[in-house]
Amino acid sequence: MADDVTFHDPDPSVAELLASRPYLDMDPLCGLMLDGVALNDIADKVGTPCWVLSGDTLRARMHRMRQAMQDAGLNASIYYAVKANDHLAVLSLLREEGFGADIVSGGELARALKAGIPAHHIVFSGVGKSDAELEQAIGLGIGQINVESAEELEIISSITSKLGKQATITLRVNPDVDARTHAKITTGLAANKFGIPYDDAAALYAHAASLPGIRAAGFSTHIGSQILSVAPYRAAYARIADLVRTVRAAGQTVDVVDCGGGLGISYRNEPEGQPEALAGAIRAELGGLDVRLAIEPGRWPVGPSGLLLSTVILNKSRGDEAPFLVLDAAMNDLLRPSMYDAWHGLVPLSPHDATLAAIPTHVVGPVCESGDTFARDRQLPPMQRGARLAILDTGAYGAVMSSTYNSRPLAAEVLVDKGTWHVIRPRQPQDALWQDERVPSHLAGTA
Ligand SMILES: *Cc1c(COP(=O)(O)O)cnc(C)c1O
């Protein structure tokens, strides 16, 4: 199965990829530009592989989400899902624009606070929060905890009692709705580990309201990621609305419905998820409930805002068969193709390369795994050793999933913003690879 299970049209050409991404532009002299900045300039100075993220595009996409909610007449808070891209520069940019954060670990909580996002603008999600993480979050006065099990509810109540604090919670309900996305990013089916079974939610909510140290504020849900149609959202929200009416009829108070994230983007020019359509689904199902609403977008705002620059190490020809284009980027940098069979657009940086007739090409990284493959039989202009290309739509679940497998240092990261660019993470030096390793004295050599 692929990320793009519902989409079988032929691969878009380089020209088609560029035409549908207004923040990208092929300048006849400078080559590929991201929001007015020449990517060759960045690669010349910083080298490759290098992640480049456009703050301008990220800001514009977050504003579009906020505007869509406002235009639908919804009172909605927007909590950016930190796990999609947790760089401090990203979080700082979003804090400046007044957005909150959705976090899934103590590390993400610390990052969000470090970027200046106040604790009361932070929502804590996740199926397995440790006692230490909960104590940290509750002690800091976190805005909301999305509780994923009856067991977790009891743990939170005992921690609030111990700390003499109150915690505002929602119950994350698993609506048993198929988001029709990749199996590894579906979360709203009864078979998934996430959330509280729908049929248990009303009784557990009444119990939550009775527990000391707990303020039961409402419900949350999150049905998966890379969701391209609003139908599964509507189905999930309709079930949540029923639940709200049920528990209210039983005398409970409900102030909040957190609608989760998951809106999908256009990796191969399939129509992307529309914030306006999502807002419409929320309004249709939840708009009349007189609750404060929330969404938790991650991939949609940040995914298209970023790309990964790479250089062709060599073009390995194989007679009549498709050549292997071996890049200096690999699966340790961008895991998505090997993990989710993800399709990413590939665009040469050179305006000349971009115009050559395309031929079928396999694009791979140098890591010692056959899974280290970015594309098979991709129609690409022939590119030679030293040519550069951009791997598109890698701003979300890209750099955050990197590892140093094969002792490959973490790639550099650059932020393009307001017509200029900044290194936001220098390439990791080689000796940083082992700086935290300790060799017992009886094994220490002469190095
Ligand atoms: C991952 C996650 C999100 C963000 O999902 P995207 O598909 O990146 O929008 C939102 N809420 C929760 C609870 C998540 O786990």
Side-chain angles (χ1 to χ4, degrees), residues 3-4 58 61-62 64-65 68 76-86 90-91 94 99-105 107-109 112 122-129 133 137 142-149 152 169-175 179-189 192-196 218-230 232-233 236-237 240 256-267 272-275 277-279 282 293-306 336 339-340 342 393-401:
D3 255 18
D4 43 10
L58 171 58
R61 291 178 74 86
M62 284 297 275
R64 186 169 150 202
M65 294 200 111
S77 310
I78 303 188
Y79 301 102
Y80 167 71
V82 172
K83 72 177 190 282
N85 186 323
D86 64 9
V90 168
L91 302 182
L94 295 173
F99 295 104
D102 172 58
I103 56 142
V104 293
S105 73
E108 287 190 354
L109 173 57
I122 301 177
V123 171
F124 196 174
S125 302
V127 72
K129 309 172 188 81
E133 288 173 326
I142 195 158
Q144 175 182 312
I145 302 176
N146 293 345
V147 175
E148 300 220 12
S149 62
E152 185 185 341
I169 65 104
T170 71
L171 295 188
R172 173 166 172 184
V173 177
N174 184 324
R180 306 237 177 91
T181 182
H182 189 284
K184 286 185 187 166
I185 50 176
T186 291
T187 58
L189 282 172
N192 299 132
K193 69 179 175 181
F194 299 97
I196 290 155
F219 296 98
S220 56
T221 194
H222 173 69
I223 56 174
S225 197
Q226 186 54 15
I227 300 167
L228 291 170
S229 119
V230 293
Y233 282 118
Y237 299 154
I240 301 296
V256 176
V257 173
D258 180 339
C259 300
L263 200 61
I265 63 172
S266 172
Y267 285 105
E272 74 173 354
Q274 301 289 315
L278 175 63
I282 294 173
L293 295 158
I295 56 171
E296 304 167 344
R299 186 191 308 268
W300 196 88
V302 79
S305 308
R336 299 189 70 262
M339 181 139 154
Y340 308 113
D393 307 310
T394 56
Y397 307 106
V400 283
M401 285 191 174

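Any value given below was found using the heavy atoms of this structure, including those in side chains, with hydrogens, waters and symmetry copies removed. Order of appearance sets the numbers: ligands from 1, and atoms from 1 within every ligand. Here the structure is a predicted model, which is why all the values come from computation and not from measurement. Position 1 is the first residue of the sequence, and the numbers go up from there.
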Shortest protein contact, atom 7 (O) of ligand 1 (heavy atom only): Ser225 OG, 2.3 Å

If you measure from each non-hydrogen atom of Asp102 to ligand 1, which part falls under 4.0 Å: side chain, backbone, both or neither? side chain

Give a yes or no answer on whether the side chain of Arg299 reaches the backbone of Gly264 with a donor-acceptor pair at less than 3.5 Å. no

Compute whether any side-chain donor of one residue and acceptor of the other, for Asn146 and Glu148, lie under 3.5 angstrom apart. no

With Cys259 as partner, the option from Phe219, Tyr233, Tyr237 fulfilling side chain to side chain contact (heavy atoms under 4.5 Å, CB included) is Tyr237

Below 3.5 angstrom, do we get any N/O pair linking Ser125 and ligand 1? no

Before signing off on this row, confirm whether Gly298 and ligand 1 have an N or O atom pair separated by under 3.5 Å. yes

Using the side chain to side chain contact (heavy atoms under 4.5 Å, CB included) rule, take Tyr397 and Arg336 through it: C-alpha gap first, then chi angles, then the decisive distance, then the call. CA-CA 7 Å; Tyr397 307 106; Arg336 299 189 70 262; 4.0 Å; yes

Which ligand 1 atoms, with their elements, are less than 4.0 angstrom from a heavy-atom of Arg172? 13 (C)

For Tyr397 and ligand 1, answer yes if some heavy atom of the residue is under 4.0 Å from a ligand atom, otherwise no. yes

Just going by heavy-atom distances, which of Lys83, Arg299, Glu296 is nearest to atom 2 (C) of ligand 1? Lys83

What is the distance from atom CG of Asp258 to atom CG of Leu171, rounded to the nearest 0.5 Å? 12.0 Å

Could you grab the distance from atom CG of Leu91 to atom CD1 of Ile103, nearest 0.5 Å is fine? 11.0 Å

Between the side chains of Lys83 and Glu108, is the shortest nitrogen-to-carboxylate-oxygen separation below 4.0 Å, so that they form an ion pair? no

Among all protein non-hydrogen atoms, which one is nearest to atom 5 (O) of ligand 1, and what is the separation to 0.1 Å? His222 CE1, 3.4 Å

Close N or O approach (Gly262, ligand 1; < 3.5 Å): yes

